[in-house]
Each structure stands twice: as C-alpha cells, then as structure tokens.
Amino acid sequence: MPYEPSLALHGGTPIRTAPFPSVSDAAGRRLGDEEIVALERVVRSGQLNSTVGAETRAFEREFAEYYGVPHAVASSTGTSAIHLAVAAVNPEPGDEIITTSLSDAGTVLPILSQNAVPVFADVDAATGNLDVACVREMITPRTRAIIAVHLFGQPAPVAELRALADERDLVLIEDCAQAYLTRCGPDGALAGTVGHLGCFSLQQSKHITAGDGGITIGTDDDLARRARLFADKAWPRDTDERTHLFLGLNYRMTELQAAVAREQLKKLAGAVDSRCKAAEPLNAAIGALPGLATGLTEGATYWLYPVFVDPAVAGADAHRYADALRAEGIPAVGGYIPRPLYLTPALAERRTYGESGYPLSAPPADVAPRYEAGLCPATEALIGERMLVIPWNENYSGDDVADIIAALEKIHHTFTDAPAP
Ligand SMILES: *Cc1c(COP(=O)(O)O)cnc(C)c1O
C-alpha cells in the first residue's frame, strides 16, 4: 500500500492554507483604473441618473451589439432584469410560469411579484438544468412562459425549450445571471439569444460586476418596449407626455453602475476565457475519479464549478466531500442552496401579501399550488447528497487549481479505499 497522508478532516495536514482569489474581494475581481476613470467621468459630469446622462444608454447599445440583438434594457439588479421580462409577458394574476427550483431566488420572486404562479419542473440529475420532458408535463392552459436557468454557466437545453415554447405559444425567458458567453447546442448560440428574452446580472459575484445591475435582451420589439417601460414607471420618455401607460416600477440602472458595467463588458471575454482555461485540468482530473463527474463542459463558462457525486461509488456524499475539502483549505459547499426554492417560506408558507397568500390562493390560481418536499426528486437529491460546488474564479492560477485537484484526489482516495471501520 502506498503511503497516504491522512485527511485534514481527520487531523492530517491541510493541502492549503493561503486564501483563494474570491469574487468577494479585489483579488478575485478585475476592477481597476479603467473603472475608476469611468466613475470619475460620471461624477464630474454631474449626471448620475440615466434619464439625463448617456452612460446607461451607451451600455445598453454596447451590450446589444456584443450579443448581436436589437434590444437591451438595463436595470438595477439581475432580479429586476427578470422582473422586466415577466412584466413584458404580462400574465393575468394566477397564470403560470414554469421554472426550476435549483436557482437563486431572483429567478422566482419576480414571478410571484407580478402575481403569477411559479410552477416547478424537475431538473436533469447530470447537470442541474431543467429537464425538457418535465417542463412539457407541467404545461397547462394557464401557462404563459418558461424561465430556464443556465446553472453555473452550463448551457440549459434552450433550443428544445424554445421549440416547445413555440409549439405551445409560450414565451421562453433565459436566466443568464450565471451564464455570460455560455454557448448552447451544436451551433454554439449564445445563452440569452435563443429564448425570447435573456436576463443578466451584474451583482458582485457574477462574471462581471457593477456591485448590482441587470440587463434584459431580446429581438421582439413589443416585448422589449414593455420591458423598457416597466423599468421606468411605464413613462414613455420617447414622447413628450408625462404619463404612465401601465403599472411599472422604477428599476433604472444608475450612471455610476453603467459606467462600471461598460468597462467590465470590455473585460468579459478575458474573464470567461480565464475561467474556462483554469477548469481544464480539473475536468481531466475528475474524469479519472470514479463516482465523480463534471457537469456539461462544452459551452460552459464556469460561474461556479459543479461536481456530481454518486455516493455509492465515491464513498461519501457531496456534503461529506465539501466538509473534507474545506478542511483541506479548499472552499466548497454541498448542494449549492440549502433547500429547493419551493421550500423557502415565501413559497411554502405563501408569505406574499398580508395574510392573503395571493396569488398562490385559488382564485386567482386555478388550484392553490402545493410547495412541499418531494415535488422535484432530482433537485432534492442534488441538494441533499449529489452536488458538490466549488467556487470558481477568473484569477485562479495553475497552482490554485493544482491544490484543488490534489485535495479532491486525496479525499477521493481515502473515501473510496478506506478499510471498513
Ligand atoms: C444572481 C442570480 C439572480 C439574481 O441576480 P441579482 O443581481 O442578485 O438580483 C437570478 N438568477 C440567478 C440564476 C442568479 O445566479
């Protein structure tokens, strides 16, 4: 038997003690003089609001051009970018929007906020992305839209979902908050351009950041106009009239956010390229570890790095792997989020408007939805035991990734070869 160092989890020496670059501080972000110069320009202009300045409109033009689409509407957050999309669909209260419960709450809260009912389809256990067959099963006469999330930057099956949406006269919204420059399907279409609307976030942790920020893109003139109006109190600024054409909110991006976002957009391709290159050795290493699997690597842009664990073969579940990695000095979590979104109080306990439970009551819903454990078994298995998530970063060095691999190999070896206690 070759000598095996014992796991830090069991009192052995950790592989790593130095911190990793992280999206939560300067070491893991590409923010620098370019952003400072841009911010100074805006401050000196005295124009900090997009209704008087030119930065936000310029960011929208540049983003639309980057993605090769006619329309882009900036807003204050990724959640608002999705709210704009849902509002553009204009559901009746109680209408249904099908989505995933394995996501940030920003995917789902706008549905509820627009008085539509989130309907949760299960995911593909190999990727954590929506399962098209499950989505198809959930369609009812009240379904108006589908929101697909490209989880961790892996491409969701949006070509298939777009075909389904077209067949059933639904709107497909792509949540690309984790998926800048993700490529989808054999033709490599950019995530966000396959559905009717694509939504991005510029929150601190995303591929690029302005602190907070969002942008919604699309090709359809009517959807884009409604999204734009919704973000600005439905005030038609392209006319001379001060009026409010429907119920809208103020979700405007500030000129300060836009100035930073424009500089970040210039750095996007480089950041994505670095994240993908850094992932290559880890992809190869995981391929040699029975019971562990990468998610989709083709077209993925690695917002986080998911490892799919088969506990029966890998000797432990994802949470145990995460504990062991953290003990070795490698940041990791089991399951991504602590519970599916349908089990958070806002949904499970219908904490919406007063005590009404609206719109999760019938009416306006046809049937009050039941958000309870067991609703999406594959999602629950991923969160409960099968999905290990390693933070990823554009500034990881080869040595950083080598430490992650060394720790994962050490842990895998111990968990799979350990003699029975
Ligand atoms: C971050 C995120 C959001 C919400 O974005 P915010 O900018 O934080 O509001 C929505 N969906 C997904 C998948 C996200 O990762």
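Read the numbers this way: they start at 1 and go in the same order the structure lists the ligands and their atoms. Owing to the predicted nature of the structure, the values given are computational and were not obtained by experimental measurement. Heavy-atom basis, side chains included; hydrogens, waters and symmetry copies ignored. We're numbering straight along the sequence, starting at 1.
Residues that satisfy the side-chain hydrogen bond (donor to acceptor under 3.5 Å, both in side chains) test with K267, not counting sequence neighbours, are E34, E35. Partners of P331 under the side chain to side chain contact (heavy atoms under 4.5 Å, CB included) rule, at least two apart in sequence or in another chain, are F20, P391. Taking the ring-ring contact (aromatic ring centres under 6.0 Å, His included) definition, one finds that H83 meets it with F230, Y251, sequence neighbours left out.
Summarising the geometry of R142 relative to D366, their closest heavy-atom pair is NH1-OD1, 2.7 Å, with the distance given to 0.1 Å.
In this structure the side chain of T127 never reaches within 4.5 angstrom of the side chain of L151, judged on heavy atoms.
Ligand 1 is surrounded by T77, G78, T79, I82, S103, D104, G106, T107, V149, D175, A177, Q178, S201, Q203, K206, each with at least one heavy atom closer than 4.0 Å.
Between W303 and F152, the angle of the ring planes stays under 30°, which puts this pair in the parallel group of the 30/60° scheme.
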